[in-house]
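Lettering follows sequence order; numbering is per chain, from 1.
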2 protein chains.
Amino acid sequence: MDLDARRLLLVEDDRRLSQLLVRLLTTEGYDVVPVYDGQAGLHHGLTGRWDALVIDRTLPAMEGVDLVRRLRSRGITTPTMLLTARGTTEDRVEGLDAGAEDYVVKPFDSDELLARLRALLRRHSDTSAVIDLGGRRLDVASRRVLSPDADPVELSAQECALLRIIAANPGRVRSREELHRRIFQNADSPNAVDTYVYYLRRKLGAGMIRTVRGLGYQLGAT
Amino acid sequence: MDLDARRLLLVEDDRRLSQLLVRLLTTEGYDVVPVYDGQAGLHHGLTGRWDALVIDRTLPAMEGVDLVRRLRSRGITTPTMLLTARGTTEDRVEGLDAGAEDYVVKPFDSDELLARLRALLRRHSDTSAVIDLGGRRLDVASRRVLSPDADPVELSAQECALLRIIAANPGRVRSREELHRRIFQNADSPNAVDTYVYYLRRKLGAGMIRTVRGLGYQLGAT
DNA sequence: CCGGCCTCTGAGGTTGCTCTGAGATTCAGT
DNA sequence: ACTGAATCTCAGAGCAACCTCAGAGGCCGG
């Protein structure tokens, strides 16, 4: 077995298609694990370590788009490709805005799927489980903030997702809209982002997150 | 005039399509610069600061795919979207493997293009405009003035806008009228510019902005 | 079924920004 | 030095953006 192989989670209910994809991707050198419904996909997506997710849009137990949304809302940012039979624009837009990085319309061509997968993995090669916060560190896997001279601070899923986005790029200011879209997509209150910033500050100190009035938030002490 | 708009370089030789795209993207709040052949695209891609590139595949002087390849080979990693008329798989694969992040097949749907662009920009995140102030630097994105040997100085929106205009051309003198027109659109008091110059001097030192009596203001002597 | 944690809502309270206006100060020309 | 014009200084009203936090409802393990 290839220890450096990219690990893919394949969520596809059609057994025949699933088998076909497993064979194709395995031949290309990927390490593929197939599951056959949304619940299993959610479970493995949340608990496993994956380089990319390949998810069918139409699944029993949970729509593919909902699966992506739920994973994103739990702080999982693994790059994701949707397989979709429907080619309508609204479907595509919905998929992309749910947080999927890409989609492929069935029936698709093997070479195209592989090319898109390569492109997906290429730009997401910076997945480090530990993010530097300037002095402290965010361990995404265990959702804890570790500091050299204090006890670890435990974060909830949403807190972690928020901090992760802000910390991904220390110099950059993230707008409320972006944060809301990426984390609280099924929240009506535009205030949710503020609230979680408040929670994080309460746990980590006010200096952790800087407010840029009218623009958004930024990692503090940069 | 949106100072925080995302900057897009559009490389499209078909004037009609180009104009259409400029209008669409501008309406969405992007800051779009159109060029009409590969050479110009290469030049601007190498020298300008862009948040994303939108490139037609079929161009005079240089193919779109070659343009992407050449930009990538020079270390330009700006996220890129290809527009392609041909929908064959080999074309798509070639485009993606050349380093393009995404492609859209013509004729394309506006909503889809915009959704893909959002997805593209969402995952790329390290661009920020920094203006030299002679020793210190103005980070427009986070509205701060950074200096090598002091804490950052935070600016308000108006302060930043004012300093940005003055600092854009160090030698040039900006009249009160111009500054007032560009920043204090709905302010009655002709004194507003003076006030904000005062605020900036208070935060950054009197030498930052020089008064040219009777004419206006200018970036202070380095 | 219960209790605890997490998520999101909504309603104040507070802060910081914007712009105004008026007096103080500087400047150029006489 | 005198004078009028240009510029500087600064306190404060009004307002939007932001913060704070209690609580309702959801989810999950016991």
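Applying the 4.0 Å criterion to OP1 and OP2 of D:dC8, one finds that B:Tyr217 has a side-chain N or O inside that range. Distances shorter than 4.0 Å separate none of the side-chain N or O atoms of A:Arg201 from OP1 or OP2 on D:dC21. Put simply, A:Arg176 has a side-chain N or O that comes within less than 4.0 Å of OP1 or OP2 on D:dC18. Within the 4.0 Å cut-off from OP1 or OP2 of C:dC17, not a single side-chain nitrogen or oxygen of B:Gln158 is found.
Following rounding to the nearest Å, B:Ile209 (CD1) and D:dT9 (C1') show an atom-to-atom distance of 15 Å. For A:Leu200 and D:dC21, the CG to P distance is 15 Å, given to the nearest whole Å. Regarding B:Arg202, its CZ atom lies at a distance of 7 Å from the P atom of D:dC10, rounded to whole Å. Look at CD on B:Glu159: it is 7 Å from P on C:dC17, rounded to the nearest Å. Nucleotide C:dT18 holds its P atom 15 Å from the CG atom of B:Leu179, rounded to whole Å. Distance CZ (B:Arg210) to C1' (D:dT7): 15 Å, rounded to an integer number of Å. Between A:Asp188 atom CG and D:dG25 atom P there is a gap of 15 Å when expressed in whole angstrom units. Distance, A:Tyr198 OH to C:dG12 P: 17 Å, rounded to whole Å.
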List the steps, then state whether side-chain contact (heavy atoms from CB on, under 4.5 Å) holds for A:Leu163 with A:Leu133. CA-CA 9 Å; A:Leu163 183 56; A:Leu133 300 175; 4.1 Å; yes
Would B:Val197 and B:Leu179 count as a side-chain contact (heavy atoms from CB on, under 4.5 Å) here? Give the steps. CA-CA 11 Å; B:Val197 168; B:Leu179 295 168; 5.7 Å; no
Under the side-chain contact (heavy atoms from CB on, under 4.5 Å) criterion, do A:Trp50 and A:Val33 qualify, and how do the steps go? CA-CA 10 Å; A:Trp50 308 100; A:Val33 174; 3.6 Å; yes
Polar atom pairs between nucleotides 22-27 of chain C and protein, under 3.5 Å, N or O only, would you list them?
| unit_1 | atom_1 | unit_2 | atom_2 | d |
| --- | --- | --- | --- | --- |
| C:dA22 | N6 | B:Asn191 | ND2 | 3.0 |

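Listed candidates were C:dT9, C:dC8, D:dG12. Nearest to the side chain of A:Tyr196 is C:dC8. Of the candidate nucleotides C:dG10, D:dC18, D:dT9, D:dT9 has the atom lying nearest to any side-chain atom of B:Asp194. For A:Ala192, whose side chain is taken as the heavy atoms from C-beta onward, the closest listed nucleotide among C:dG21, C:dT7, C:dT9 is C:dT9.
The only option from B:Arg182, B:Arg181, B:His180 that meets the side-chain hydrogen bond (donor to acceptor under 3.5 Å, both in side chains) definition with B:Glu178 turns out to be B:Arg182. With A:Tyr217 as reference, A:Asp194 is the one residue of A:Asp194, A:Leu162, A:Leu200 to meet the side-chain contact (heavy atoms from CB on, under 4.5 Å) rule. Exactly one of A:Leu120, A:Leu121, A:Leu114 qualifies for a side-chain contact (heavy atoms from CB on, under 4.5 Å) with A:Arg118. That residue is A:Leu114.
Nearest heavy-atom pair, B:Arg136 versus B:Met208, reported as atom, atom and distance to 0.1 Å: NH2-SD, 4.0 Å.
Checked by distance alone, B:Tyr199 brings a side-chain donor or acceptor within 3.5 Å of a matching partner on the base of C:dC19.
In terms of position along DNA chain C, the nucleotide closest to A:Phe184 lies nearer the 5' end than the nucleotide closest to the other residue of the pair B:Thr195 and A:Phe184.
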